[in-house]
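Read the structure below first, then the notes.
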2 protein chains.
Amino acid sequence: MDRNTALAAAEGNDQVLDSQKVMGTQTLVRGLALLECVADGVSYVKGISSRLGTRRSTTHRMLSSLVAEGYLHHVPYRGYTLGPQLIRLGARALEQRPVVGIARPHLESLARRTADTVHLGVRDGNAVLYLEKIPGTRGLEMRSRIGQQMPFALTGLGKAMMFAIPRDRWRALYEDGLTWVSGDAHPLPWPEYEAKLDAAIARGWTYDFEENELGVRCVGAPVRDISGGVIAAISLASPVFHMAESRMAELGPMLRETADAISRELGWGS
Amino acid sequence: MDRNTALAAAEGNDQVLDSQKVMGTQTLVRGLALLECVADGVSYVKGISSRLGTRRSTTHRMLSSLVAEGYLHHVPYRGYTLGPQLIRLGARALEQRPVVGIARPHLESLARRTADTVHLGVRDGNAVLYLEKIPGTRGLEMRSRIGQQMPFALTGLGKAMMFAIPRDRWRALYEDGLTWVSGDAHPLPWPEYEAKLDAAIARGWTYDFEENELGVRCVGAPVRDISGGVIAAISLASPVFHMAESRMAELGPMLRETADAISRELGWGS
DNA sequence: ATGCGCGCTCCCAAAATGTGGGACACTCAC
DNA sequence: GTGAGTGTCCCACATTTTGGGAGCGCGCAT
């Protein structure tokens, strides 16, 4: 089955075992892989079938089904793009996360008081997934978007969620984060990173000094649920100009209070 | 296959033939139906399998695959919810629509000048699908959300897109819209509806007087692309209090100009 | 203007894939 | 406790999927 090896190779990491896993749904899994493929901008049959390792006729069959169900949008001879059903389901998926609805008013209050950009994110594998964003009102827009992923270890959000991750896994996440970096980031060297994370845990909130995006600093804090585990994090971000170290130190407690208020609504400490 | 008839009925229009269509992807189509099922809040195995018409073991197999791929989130003995991959793909699907990115600055400008809620939507079957929303700054929040659907014929957005729909299909869309209405809407009777739509076409923008949501009025205008066809629409909405008829008449031309500016960027009239 | 690559739509035999029945351990709610 | 329902196996059967092929049409590049 060269298809499986191809898929495993495409996935890149420890998914090699995955391909062996839940068997009995080849068509379904292939269809989902096809969606990812289109999500990555591969919009023509040839590219898709070569990336999936399926023949043209098989690929066409799946494409037609996905188009018929509204998961793909199709313009003949112009290619395939993600369809309206995915927009709908994506919105539903957000609604179904209790933390989003509960956090929103708290985040709005934070945004009003600080004028900075507010984020809510959860862990998704080795990434942070943004669930909510309230743009700052200083006229300088962050590039982040709901549904976007960022390296877990190199964001204020991710570092706040590190609080609940066993120390022996920090290094792996840190190393993974380095593989994401483009030009405009200067991550800390490891020993310093670890030390700063320890300090953040003692303090109760995290700092990010342009480590992920040049010119942007942020402050983050973890959100916990009824089990006491960290299930999300919030952050405040702004251009360096508005984020002097002294101001960050003032924002920290505010972040932490907001995060704790959300946590309490989720049942934390009750 | 009663599942297919149910699906076809849910789709509403000429999809009845569809169920016979693209065969050879049963597992994929079932898996997608499963996602919709979970999206509708059916989160337990029993409910899902009965709605899909599949046996427990088959349902479990699909569920496990979807969880493994991140399309579903699973808490043992607590049920299934839509997963992070759908949030990601939903966001990508939005990015892949050129109209969203092109319209955004125009919509932001409109929002700043009017302080009302701005919407961008496209047609999705018999519904309007919101692609963008900029909340008004009058403190009164609309319930609408990106990714949400509304009855096509009963919204300012939908009526603006009616401009390009052959007159002989208006009635069907109107009737379909009536099947959506909850308590808080008073749709116009048909003859009046048709007359007002004619007037709107002559004028170049649409009005909606609380027909879809009680207490909310809106003004809409169509967006065209290079082909000249209407591919989207924009609208301004606010509580009745801020939407006197006189003000709506002033907003109309502004809406139309913004819509046309977006259309031109999409290649309209070039 | 012409050609070629590729997209779209059929068909069909072979076989790989998915199905569903059954059994057992476990969890949760009543 | 008890029972309904979930999570996890296994396996023989046959339905479903596969992919090769052939034809037509579109559009890009030369």
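Chain identifiers are assigned alphabetically (A, B, ...) following the order of the sequence lines, protein sequences preceding nucleic acid strands; residue numbering begins at 1 within each chain.
- Between A:Tyr80 and the phosphate of C:dC8, there is a side-chain N or O to OP1/OP2 separation shorter than 4.0 Å.
- Using modelled atom types, one finds a donor on one side chain and an acceptor on the other under 3.5 Å when comparing A:Thr54 with A:Thr59.
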For residues 101-108 of chain B, dump all side-chain donor-acceptor pairs below 3.5 Å to protein atoms at least two apart in sequence or in another chain.
{"residue": "B:Arg104", "atom": "NE", "partner": "B:Glu132", "partner atom": "OE2", "Å": "2.8"}
{"residue": "B:Arg104", "atom": "NH2", "partner": "B:Glu132", "partner atom": "OE2", "Å": "3.2"}
{"residue": "B:His106", "atom": "NE2", "partner": "B:Glu265", "partner atom": "OE2", "Å": "2.6"}

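- The side-chain hydrogen bond (donor to acceptor under 3.5 Å, both in side chains) contacts involving residues 90-101 of chain A comprise A:Arg92-B:Asp40, where partners must be two or more places apart or lie in separate chains.
- Looking only at distances, a side-chain donor or acceptor of B:Trp170 sits under 3.5 Å from a matching main-chain atom of B:Ile165.
- Between the NE2 atom of B:His60 and the P atom of D:dG5 there is a distance of 13 Å, given to the nearest Å.
- Between A:Arg78 and C:dC8, a side-chain N or O to OP1/OP2 separation shorter than 4.0 Å is absent.
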Protein heavy-atom contacts under 4.0 Å, written 5' to 3' over nucleotides 18-24 of chain D as B (base), S (sugar-phosphate only) or - (none), form the string BBB----
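- Between A:His74 and C:dC8 there is a side-chain N or O to OP1 or OP2 distance below 4.0 Å.
- Put simply, the side chain of A:Ser43 never gets that close to the backbone of A:Gly79: no donor and acceptor are under 3.5 Å apart.
- B:Glu69 places no side-chain N or O within donor-acceptor distance of the main-chain N or O of B:Leu66, the cut-off being under 3.5 Å.
- An end-to-end axis angle of 70° holds for the helix from C:dA1-D:dT30 to C:dC30-D:dG1, taken from five base pairs per end and rounded to 10°.
- What separates CG of B:Leu52 from P of C:dT19 is a distance of 11 Å, to the nearest Å.
- Within the structure, every pair that satisfies the side-chain hydrogen bond (donor to acceptor under 3.5 Å, both in side chains) test and touches residues 71-86 of chain B, not counting sequence neighbours, is listed here: A:Glu36-B:Tyr71, B:Gln85-B:Arg88.
- Each of A:Val75 and B:Pro76 was matched to the nucleotide of DNA chain C holding its nearest heavy atom; the match closer to the 5' end belongs to A:Val75.
- Residues passing the ring-ring contact (aromatic ring centres under 6.0 Å, His included) test with A:Phe163, sequence neighbours excluded: none.
- Straight-line distance from the NZ atom of A:Lys46 to the P atom of D:dC28: 16 Å, rounded to whole Å.
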